[in-house]
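None of the values given here were measured: they were computed from a predicted structure.
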Amino acid sequence: HDGQQTYSNIIYLSSNQSVSIFPVPSNSGFTVKVQSPETFRYQVFSASGQLVDRGTANQSVTVGNEYAQGVYTIQIITGDEVVVRKLVKE
């Protein structure tokens, strides 16, 4: 070890209220709405961390219709902001 430290890029995690997801919990799909004029990207991970879904959308998208029961994490990326929320599929 040479004593030098390196750092990864800082990603701003936001609890931004301009993102709404409903219904949670759901037994079908989840509607994700983003109050932003920009296109947003999303990634959905299973409880074990496996990527199960991803894509891009403009203002809203429905995800999760085909997901198995369980808890998932969704990351919504707009510009330099990352919003992380939990999804519960019943």
Trainee: Within the distance-only criterion (no hydrogens, no angle test), does the side chain of Arg85 pair as donor or acceptor with the backbone N or O of Ser20 below 3.5 angstrom?
Mentor: no
Trainee: Looking at side-chain heavy atoms only, is the closest gap between Ile21 and Ile74 below 4.5 Å?
Mentor: yes
Trainee: Pairs of donor and acceptor atoms involving the side chains of residues 52-71, under 3.5 Å and at least two apart or interchain, shall be tabulated with distances.
Mentor:
| from | atom 1 | to | atom 2 | distance (Å) |
| --- | --- | --- | --- | --- |
| Asp53 | OD2 | Tyr67 | OH | 2.7 |
| Asn65 | OD1 | Gly29 | N | 3.0 |

Trainee: Do you know the tightest heavy-atom contact between Tyr72 and Lys89?
Mentor: CE1-CB, 4.1 Å
Trainee: Does any part of the side chain of Leu51, heavy atoms only, come nearer than 4.5 Å to the side chain of Val44, both counted from C-beta?
Mentor: no
Trainee: Is there side-chain contact between Val34 and Thr78, with heavy atoms separated by less than 4.5 Å?
Mentor: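 The answer is yes, as the side chains (C-beta and beyond) meet within the 4.5 Å cut-off.
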Trainee: Mind checking ring pair (Phe, Tyr, Trp, His ring centres under 6.0 Å) for Phe45 and listing every partner two or more places apart, or none if nothing turns up?
Mentor: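 Ring pair (Phe, Tyr, Trp, His ring centres under 6.0 Å) list for Phe45, sorted by chain: empty.
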Trainee: Rounded to the nearest 0.5 Å, how far does OG of Ser46 lie from CG of Leu87?
Mentor: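 Reported to 0.5 Å precision, the distance equals 12.0 Å.
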Trainee: In chain order, what residues pass the side-chain contact (heavy atoms from CB on, under 4.5 Å) check against Pro23, with sequence neighbours excluded?
Mentor: Ser26
Trainee: Are side-chain heavy atoms of Tyr42 and Val32 found at a separation under 4.5 Å?
Mentor: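 SC-SC contact between Tyr42 and Val32 ruled out.
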Trainee: With rounding to the nearest 0.5 angstrom, report the NZ to OG1 distance, Lys86 to Thr73.
Mentor: 8.0 Å
